[in-house]
Amino acid sequence: METIRMTVGQAIVRFLDNQYIEFDGKVEKFVGGVIGIFGHGVVVGLGEALAAPGHNLPFIQAKNEQGAGHVAIGYAKQNNRRKIMAVTSSIGPGALNMVTAAGTATVNHIPVLFLPGDVFADRQPDPVLQQLEVPHDATISANDAFRPVSRYFDRITRPEQIMTALIHAMSVLTDPAQGGAVTIALPQDVQGVAYDYPVELFDQRIHHIERRPPTSAQVARIVSLIKSAEKPYVICGGGVRYSEAGRALADFCKKFDIPFGETQAGKGSVPWDHPCNLSGIGVTGSLAANRLAKEADLIIGVGTRFGDFTTCSKWLFQNPKARFVSINVAPFDANKMNAEPIIADAKLTLLAMSRALGAAGYKAGWGDKIARAREEWAREVDSLYMQEDPMGLSQIRVIGELNDVLLPKNAIVVSGSGSIPSDMQRTWRTRVPGTYHMEYGFSCMGYEIAASLGAKLAMPERECVAIVGDGAYTMLHTELLTAVQEGCKIIIVVCDNSGFQCIDNLQHSQGIAHFGNEWRKRDPETGLLAGEQVQVDFAKNAESWGALGLRARTVEEFRKAVRRALRAKGPVVIHARVSPKSMTHGYESWWRVGTAEVSDNPEVVRAAEEMKAELAKARKF
């Protein structure tokens, strides 16, 4: 067998550079590059291999390791999981900084390869700089924190181990049913160890993403359930997006008069003006979607995890006759809600269902309720989008101006935490599929700006806009500097309402008045954070990074700022000062939170009693 002598780091780079993916006959390069921060635990090992010529893996220098992971997630998500980035860091704090991003990737089923540096495998210099020592177990390092948030975890202690590790990693990263973080920990000495690798290891590999067709028995079961239902209802989940099943879902629902609500991951798979599209469903859903969901007697989940925000903590589906069927490539998700599991590809299953139901002449019994619900909701959204605010600018008006007036219809909008995802899932009108980019499985503050850079790297021809609260901006905005460095134009709209107002709303709804969530200075008399508001100039902060900083306090100022941003060549931050509490609120939804059952505050006790009353209406499993 022909061999070639190279280090572990060099073998990783050459292997990753030769991975390709095939989906529906289209072959594409799978690994788009490597992003990270070099520290002593990786710079002379894997870093040496990346610095050498002879490969086509561009290296992007991140400014925060968690941010690097979010860039990679945004890149993979915008590429519908068919292109990835690898993320690397030094040992210790650099590696641990990536754990949050790994959790975000896994919760959202987004493939990312993490390559953290690790301690010395031979242990000769122990304890080394940044090494975590656990006296009762010498095999543990900081990188073991990746285990619970990774779909696949490995640690390379011998150079030959990297061969099977990389093959296993690719099998997980290219599997739609698994999708998530893959972590290969790389001890810093092993990265530089040489080995005679078989040349064939580095041959071009094409990984085929096969659509799993439903069996005739599966189609028969789901068709039987639909035929026996008067008011079936579809939940459009992220699996619709990743299967590219938007057209199939749109045709299916229109053909049989079946309404659908969108999850955060599924939203935008079908344009907003489809006659059966009721917009977002659940805690952050629309009035139209939630009202009809309560009447439904069959819930058809398509590519959804049935998270608590989608199901209103299993409270939303109030019809006592309601049954569930779940179409999903992941068996774990397909069996939730006691559903009839259909383990199959979303697109192929919808097409098969359509043929079978069409032959039976089926029509759902919603009548004109879908159209009336849509009309009522359209009026509500129009009203929200034109909301006048006595203080000058509301958060929902900012979103409305971006959606209906200012942005190109194919602009990619990114968000992920706070109240902005609520406003957007309810009201954002997606005109072009694939332009609504939301991380709401982990609701990770700090995802937005880094992910918008990832989305821009995936689709450089599109405008990419991060809509972010002041809290999330402050949490993690360092990849703005990376965008400046890379010459990637992203537009960041900061809705500044002086604090974590989303959580303040939740706190207040449970009887607790404004404690620790608004950005206020400490009051010298009470000792509480209840003094004057802390003022921040986010535009000036952006300018310090080398971006264009703009400010807006009124609708007209905001319009002017966005138009200026669209003409700009590089990254832009628009500091939009919005009124606190100017977001949308719940539309006939409920969410279970752990409210205190005993308190000296009667409002807290009342909230706990109400929580118990609503819990009695929810499904138990």
Side-chain angles (χ1 to χ4, degrees), residues 63 67 385 387-403 405-407 411 413-421 423-424 445-453 456 463-484 488-502 504 517-521 532-583:
K63 307 302 174 288
Y385 274 10
Q387 187 179 87
E388 297 291 340
D389 191 286
M391 295 179 65
L393 195 59
S394 68
Q395 178 171 292
I396 188 58
R397 183 65 182 265
V398 164
I399 290 172
E401 290 291 321
L402 291 171
N403 190 196
V405 180
L406 298 170
L407 292 183
V413 290
V414 181
S415 196
S417 63
S419 59
I420 291 169
D423 290 347
M424 293 185 67
M445 292 183 70
Y447 172 82
E448 299 89 341
I449 295 170
S452 67
L453 173 56
K456 184 68 173 181
E463 295 285 0
C464 292
V465 183
I467 308 175
V468 59
D470 51 318
Y473 180 95
T474 307
M475 185 78 72
L476 183 59
H477 61 272
T478 47
E479 300 323 308
L480 173 59
L481 179 56
T482 307
V484 171
C488 285
K489 179 189 174 184
I490 56 175
I491 299 173
I492 302 164
V493 178
V494 184
C495 292
D496 175 12
N497 58 17
S498 295
F500 308 118
Q501 298 289 351
C502 171
D504 187 77
N517 284 307
E518 297 179 302
W519 285 12
R520 295 183 178 277
K521 295 181 180 179
E532 63 183 65
Q533 286 187 340
V534 177
Q535 300 296 322
V536 181
D537 190 335
F538 293 100
K540 187 173 290 186
N541 176 262
E543 291 167 359
S544 75
W545 291 116
L548 174 63
L550 303 171
R551 300 169 184 83
R553 286 182 174 268
T554 67
V555 173
E556 193 50 48
E557 287 178 355
F558 184 70
R559 289 177 175 175
K560 183 178 179 180
V562 175
R563 291 179 180 125
R564 174 69 181 88
L566 290 171
R567 296 194 303 271
K569 301 298 183 182
V572 183
V573 171
I574 301 173
H575 179 181
R577 190 72 174 90
V578 301
S579 302
K581 315 303 182 189
S582 62
M583 63 286 286

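- For CZ of Arg520, the number of neighbouring non-hydrogen atoms (other residues, nucleotides, ligands) closer than 6.0 Å is greater than 12.
- No side-chain heavy atom of Ile574 sits under 4.5 Å from any side-chain heavy atom of Phe538.
- Listed by chain and residue number, nothing satisfies the salt bridge (Lys or Arg N to Asp or Glu O under 4.0 Å) test with Glu557 (two or more places apart in sequence, or in another chain).
- Side chain of Asp470 to backbone of Ser498: a donor-acceptor contact under 3.5 angstrom is found.
- The shortest side-chain heavy-atom distance between Ile492 and Val572 does not fall under the 4.5 Å cut-off.
- Between Leu407 and Val413, the closest side-chain pair of non-hydrogen atoms falls below 4.5 Å.
- Going from atom OH of Tyr473 over to atom NE2 of His575 covers 10.0 Å, rounded to the nearest 0.5 Å.
- For the atom pair Glu448 CD and Leu453 CG, the distance stands at 13.5 Å (nearest 0.5 Å).
- Closest heavy-atom contact between Gly67 and Ala450: O-CB, 3.4 Å.
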Trace of the side chain to side chain contact (heavy atoms under 4.5 Å, CB included) decision for Val468 with Val493: CA-CA 6 Å; Val468 59; Val493 178; over 6 Å; no
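- Counting heavy atoms from C-beta outward, Asn541 and Val573 have side chains that stay 4.5 Å or more apart.
- Interatomic distance, Leu480 CG to Ile449 CD1, rounded to the nearest 0.5 Å: 6.5 Å.
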Leu548/Lys569 under side chain to side chain contact (heavy atoms under 4.5 Å, CB included): CA gap, chis, key distance, verdict: CA-CA 9 Å; Leu548 174 63; Lys569 301 298 183 182; over 6 Å; no
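- The backbone N or O of Asp496 lies less than 3.5 Å from a partner atom in the side chain of Arg577, making a donor-acceptor pair.
- A perpendicular orientation is assigned to the rings of Trp519 and Phe500, their planes being inclined by more than 60° (bins at 30° and 60°).
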Trace of the side chain to side chain contact (heavy atoms under 4.5 Å, CB included) decision for Leu402 with Val562: CA-CA 8 Å; Leu402 291 171; Val562 175; 4.0 Å; yes
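- Residues Met424 and Ile399 are in side-chain contact: their nearest non-hydrogen atoms beyond the backbone lie under 4.5 Å apart.
- Among all heavy-atom pairs drawn from Ser582 and Ser579, the shortest one is OG-O, 2.5 Å.
- A salt bridge links Lys489 with Glu463: the distance from a Lys NZ or Arg NE/NH1/NH2 to an Asp or Glu carboxylate oxygen falls below 4.0 Å.
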Verdict with reasoning, Leu566 to Ile491, per side chain to side chain contact (heavy atoms under 4.5 Å, CB included): CA-CA 8 Å; Leu566 290 171; Ile491 299 173; 3.9 Å; yes
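- Within the 3.5 Å criterion, the main-chain N or O of Ile467 finds a donor-acceptor partner in the side chain of Ser415.
- No donor-acceptor distance shorter than 3.5 angstrom exists from the side chain of Asp504 to the backbone of Glu518, with no hydrogens or angles considered.
- Distance check: Ile396 CD1 to Gln387 CD gives 7.5 Å after rounding to the nearest 0.5 Å.
- What you find for Cys488 and Pro571 is that their closest heavy atoms are O-CG, 3.3 Å.
- Taking OG from Ser394 and CG from Asn497, the interatomic distance works out to 11.5 Å, rounded to the nearest 0.5 Å.
- Within the 4.5 Å cutoff, the side chain of Asp389 has no heavy atoms near those of the Arg397 side chain.
- In summary, of the residues considered (Arg559, Lys560, Arg563), a salt bridge (Lys or Arg N to Asp or Glu O under 4.0 Å) with Glu401 occurs for Arg559 alone.
- One side chain, Ser419 or Gln395, offers a donor N or O that lies under 3.5 Å from an acceptor on the other.
- Atom CD in Glu388 sits 10.5 Å away from atom CG in Leu393 (nearest 0.5 Å).
- A pairwise comparison of heavy atoms in Ser452 and Cys464 identifies O-CB, 3.9 Å as the closest pair.
- Contact annotation: the side chain of Leu406 approaches that of Phe558 to within less than 4.5 Å [non-hydrogen atoms, C-beta and beyond].
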